[in-house]
Structures are given as structure tokens and as C-alpha cells.
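Letters go in sequence order (proteins before strands), and every chain restarts at 1.
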2 protein chains.
Amino acid sequence: MSSEIAGRPGPQGDEPRPHLSHRVPDLGALELLLAVARHGSLGAAAREVGITQPAASSRIRSMERQLGVALVDRSPRGSRLTDAGALVTDWARRIVEAAEAFDAGAQALRGRRDSRLRVAASMTIAEYLLPGWLIALRAARPDTAVSLQAGNSAAVAQRLFAGDADVGFVEGLAVPEGLDGVVVAHDRLALVAAPSHPWARRRGPLDPAELAATPLILRERGSGTRQVLDAALAGHGGLAEPLLELASTTAVKAAVVSGAGPAVLSELAISEELASRRLVAIPVEGVLLRRDLRAVWPAGHRPTGPARDLLSLTRG
Amino acid sequence: MSSEIAGRPGPQGDEPRPHLSHRVPDLGALELLLAVARHGSLGAAAREVGITQPAASSRIRSMERQLGVALVDRSPRGSRLTDAGALVTDWARRIVEAAEAFDAGAQALRGRRDSRLRVAASMTIAEYLLPGWLIALRAARPDTAVSLQAGNSAAVAQRLFAGDADVGFVEGLAVPEGLDGVVVAHDRLALVAAPSHPWARRRGPLDPAELAATPLILRERGSGTRQVLDAALAGHGGLAEPLLELASTTAVKAAVVSGAGPAVLSELAISEELASRRLVAIPVEGVLLRRDLRAVWPAGHRPTGPARDLLSLTRG
DNA sequence: ACTGCTCATAAACCCAGCTTATGACGTCAT
DNA sequence: ATGACGTCATAAGCTGGGTTTATGAGCAGT
């Protein structure tokens, strides 16, 4: 590989793209950078993250070397971010926020049996919504230890009946038998395609019958998303044979992005891709592609204590 | 709060919460986990990320120890994710995606002078939109080296006139003199408050006059967001004296989340907080709180080559 | 039983990042 | 001016996590 044809323009430079983790500073360094942005001082930032000032100095410096960009203006009166540094810091903040969500989720997953709040949730909710709720809960009630068990609606119901969970979250068209619940959010399904797909250039919205007649990339039969889609299109001739049938939302997404064809996916799963135009949403007329996300509990036993705190967060 | 009734059950456990970076596996480990999910094998995953099989084995193991959760089911025929592992992997993917955006941005920021595509962009666009576009561009045209210069509209225009940039992106109400452009996206501004704020429980939408009369948390005078807000409320009595005036969007966001009061912020900046209900959007009636985001170029010199590729990504 | 895949274990190594100790620079107050 | 206090930088030495190589053990299919 390095013996291309002849000489590269630059004698140095031009590394063969090592791995992402070598090009992106580690979390500790990013946290330190955020601390510098907040405090305007390397030393103060160092104190916040629990290291010494020379360590912080060296760490920021090596981050600048790694990125090839000056991030902070040092002066004897403190350190301010450069313009580039401010931008980098904003991007870094998004990584750290994702890491916080990861941490909140992982901590709940490890969940000790003695947790004060035991949550059972369906996959979509556990994956996309719960980490954010847990962060908010931690902010409001810092000492609430939460445990999380993820499973389908039936498993959630079972855990609630058995007293293994204080509150549940399910997605779907109906509340399972024996449970009460309230809607906490809606999961809208969107028809998406790659920007290169002909539908991406359409003017008006798509006709339901046309959607029904077109082969789509789908999750396997039985998945929640597919059930909703099936129900919504039942009156329009029913779903066509799938173009491709894949085992995970991620796989479907990847297939759509690579241009294999259109699919219907939860808006929760694709906000990122829509924002960057890796995917394009195509409006569909007159079909209600949405399902309710509900908090549930055994009929008559309205949640109290920590579970109520969590609910009040999700309902506003 | 922590001195509830009596003693804690567990004699050990109960660490005093070290830093985030010690509770979240590093990027390399997360990438490895994603590779395991894709390949169903530690060895194959190891090969993909460029380490040996024992290293991968040990890394996954220490990740499981760190999180306190079994992530993969090992068998002599391969490794599959456990249920918890699948969830953790989904959360991990969000960190890695944020890291990819960071990398794409940082690489453009380092931007060598010999880049094939030189972009000048305003802050909001550089911060929220451009990294995603760059990822998409890299997917479509892998060998396009991009350089990025961020600045306000005037700086963008200047760079274009000087021939220092091939294409620009600006936000605002009008196209700067001497430039042509097309709208590539809209930045909707949303009125937000903490979930505990009275407005969060309102039934109907807010009256513009009421919004204008209420003290808000604002960016300093002159910021793009504030200009739009000023213009939109000019016909409704004009903006009230600010409740608080802060220097960065992040600071405003933090103040709103902590319940200091309502603010008007770009939807781009708050999608995360809305999803997790740390913030609540309050509908406002009859005011157009939005600004156009435009690609621009010197009048008459429509972009060609790589710049055109980028534009076609942003327009779909 | 043999071959080929899987993952686990053990020992040696290496380097990134830490701490401690020190120094240089600039600002402010006296 | 001059000394005190803040800033960040440099240097030397240590430590440990993650790596490699080498090996072994378990199970499947031929």
C-alpha cells in the first residue's frame, strides 16, 4: 500500500488512516477540554477532573498535536479556547453526552437487586429514550438507584405482575391485559430512502396504495415496526413482498443508506441520518404511521415514590 | 436524602463515582464491541480493528468487568451478544457515531491548503450540520480532502471573494451582497422551558404578544438567534428585557434546563434535550420563528467539482 | 481421529499518561 | 520597583493497562 506508484506530493503527512480511536481523543481528554472551556484555566480544569496541572497541560497539548489544530490560547492570565477550539469543544460535547447516556444506561443495566426503582422496558424505549430519562432523573433525584430489564411487552407485563419491576414501558397498539398505563410519547414511523432514490426527488406526498405496492426493506415478521406498518396498510391492499428482510433496525438502516431501497423506520432511529441527509424522509398521505409509547403498571396500582418521579419526568 | 432510615445493605460496593471516562469504555473498546456484533466472532472482530485475538478477548472481558454486565455469549462456534450486550452495543454506537462526526470535523479543520474542497461556514452550520455532511461526502467521494473555515457571514463572504473558499454556508435572513445561493435547510427556533415550568403544562399554543412580554434567557445582542427573534416579535410589541443574558448557546441551554426560565433556541441545538424531556417545546401561534440556512458562492460562479458534490448531498 | 475453527490463559514487553519537583512568565498590589 | 500570586511549561521517574507471542482447551464437521 505504501509503495504506490511514485512519489506522493508531501514527503511526510498522508498517513493511511489508522483507526477512529487513534484519531479522536479519548473521553478523559474531551472532558478535560470541556472543563477548560468552562473554567478558562488549565489548572482549574485539571482540578475538576482530578488530575494535576502538568498532566492537563500535557494532555491538551497532545490533543492539539493529534488534531493538528491549536485549541486553546494560553496566557499567564488563563486559557481561552481558540475559534477552532470552540468548534472542537462543541463536537466533543456531543461525544461526552452520548457517553453520559451510555453510562446512565449501563449503570441501570448492572442494576443491583436492591435498587430503589426497577424499570422494565421494551427495546425501542430502552435504547432511545430511557438513557435520557435516567440522566434527567439523576439530575432531579441524585440518589435514586435504578435497575433496568429490557424485553418485549409480554416480558414487561410478567415482570410487573411478579413484582420484579416498579414500572414498565411498552410500545404497541394496545395496553397488555391487566395493566393500566398512560401514553408518554409517540413513535412516528417515517418512510425513508437514500437521497439518490427517485422518491427523494418527488414533489408531492406518496399515495398509500403506492407505498403498499412497493417492495420495502423490512425487519423480520413480528417486529413491532412491521406490525404497525401492516396494520396501517391493511386497508390499502396490504404490504408487498419485502425487498429484503433483515434482523435488526441497524441492518435495515445500513441497507437503506447504501441505496438498496426504501424502508419504514422509527423516527427515533433515524434523526441523525435525516439531519445529515444520509437519509431522506418521504411524506406519505393519509396513513397514520405511529405507535404509542406507554408507561404501564399493574391495574389499580398507580406508581408511587421513585417510579412516580420518573413518570413525571417523561410526561412533563 | 442519603441518610434515609438506617444502614445500607451492602457492606462493600458503593464507590464514590469516579469520573465518566472511568465508567465508560474507551472508543477502541466500543469499536471492538461493534465489530463483534457485526461478525459474531471475537477473532474476526479483532482482525477488523487491527489487534490480535487475545487482545480482543481481554478487552471485551475487561469491559464486562467494568460495566458489571455480561455482553457476549462465547461458544466454540463464535460469540453472540447477550440481550444486555445488544442494548449496550446500541448505546455504544451512538458514541462512536458522535466520534465519527468529531473526526470528520476535526480533519476538515486541520484542512491542508491543498485540499480539494475548501468550505467556509457559519458557526451553527459548522457545529451541527457540516460534520454529518462530511461523513456523507466521504461515503460518496472517499478521496475528497476537505478544509473548513468557520466564521460569521461577513467572513464567509470575504473568503469566497478572495478565492480562499470554494463554497460557503451562511445563516440569516438575507444573502450577503455579491453572492448567489440556495436554501439547503431551515433552522426552526423553538420556545423551550424546563418540564417544571408552568408553560410546559399549557393546553393551547402561546400568544405571540404573551411571548414578547415575558422576560427570556437570551444570547447577547447581535447573535443570529436573537436577531430572528427580534424581527419576529417586532410586530407584537418587541422583545421584553432579558431575564438573563448569556454568552453561548450552551450556557443558555443549561440555564433553561436548570429551571431559570424559558428561552428560544434552535431546534438543531436541542433535539437531544427534547427527546429526553429535559426540555419541553412550547408551541407559539402565528410567529414564524425560523431562518434559512443557505449555501452561497460568488454571484455567477456556480460551484463545480467537489463543491457541487457537497451541495447535491445537502439538497438531496 | 484429524483438521479447523472458536476462545482462554500466561509471560514478557512497551509506552502513554500520571505525579512530583521545579522554573519561567506576566499581572497586580504595595 | 519589588514581591506575591496567579498562570502554564519542562523534566525525570514511575506505574499500569493493553499489547504481542506462544500455547492450550473445547467443540464441530470431515
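Screening residues 99-139 of chain B for ring-ring contact (aromatic ring centres under 6.0 Å, His included) gives B:W133-B:F169 as the qualifying pairs, with residues at least two apart or on separate chains. The salt bridge (Lys or Arg N to Asp or Glu O under 4.0 Å) pairs that include a residue from residues 72-89 of chain B are B:E64-B:R74, where partners are two or more places apart or lie in different chains. Applying the side-chain hydrogen bond (donor to acceptor under 3.5 Å, both in side chains) test to every pair with at least one member in residues 34-48 of chain B, sequence neighbours left out, gives these pairs: B:R38-B:E48, B:H39-B:E48. A salt bridge (Lys or Arg N to Asp or Glu O under 4.0 Å) check over residues 122-132 of chain A, counting only residues at least two apart or in different chains, returns nothing.
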Would you mind writing out the side-chain donor-acceptor pairs for residues 51-59 of chain B within the sub-3.5 Å range, not counting sequence neighbours?
residue	atom	partner	partner atom	Å
B:R59	NH2	B:D26	OD1	2.3
B:R59	NH2	B:D26	OD2	3.0

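Applying the salt bridge (Lys or Arg N to Asp or Glu O under 4.0 Å) rule to A:R61 yields no partners; only residues at least two apart in sequence or on another chain are considered. Contacts of B:R226 classified as salt bridge (Lys or Arg N to Asp or Glu O under 4.0 Å), with partners at least two apart in sequence or in another chain: B:E245. Judged as a salt bridge (Lys or Arg N to Asp or Glu O under 4.0 Å), and not counting sequence neighbours, A:R94 has no contacts. By the salt bridge (Lys or Arg N to Asp or Glu O under 4.0 Å) test, A:R93 is found to be paired with A:D90, residues two or more places apart in sequence or in another chain being considered.
Phosphate proximity of C:dG17 to A:S58: absent, as no side-chain N or O sits under 4.0 Å from OP1 or OP2.
Atom P of nucleotide D:dG18 and atom CG of B:L32 are separated by 12 Å, given to the nearest angstrom. Atom CG of B:L27 is separated from atom C1' of D:dG18 by 16 Å (rounded to the nearest Å). Atoms CZ (A:R59) and C1' (D:dA9) sit 18 Å apart, rounded to a whole Å. In this structure, CD1 of B:I60 is placed 15 Å from C1' of D:dT19, rounded to the nearest angstrom. Taking atom CZ of A:R61 as the reference point, atom P of D:dA11 lies 11 Å away to the nearest angstrom.
The stretch residues 36-55 of chain A comes close to DNA chain D through A:S41, A:L42, A:G43, A:Q53, A:P54, each having a heavy atom under 4.0 Å from the strand. Annotation: proximity of residues 62-89 of chain A to DNA chain D (heavy atom, distance under 4.0 Å) is found for A:R74, A:S75, A:P76, A:G78, A:S79, numbered in ascending order.
Between its opening and closing five pairs, the helix from C:dA1-D:dT30 to C:dT30-D:dA1 changes axis direction by 20°, a value rounded to 10 degrees.
From A:L30, atom CG reaches atom CG of B:L27 across 8.0 Å, with rounding to the nearest 0.5 Å. To the nearest 0.5 Å, the span separating CG on A:L134 from CG on A:L130 amounts to 4.5 Å.
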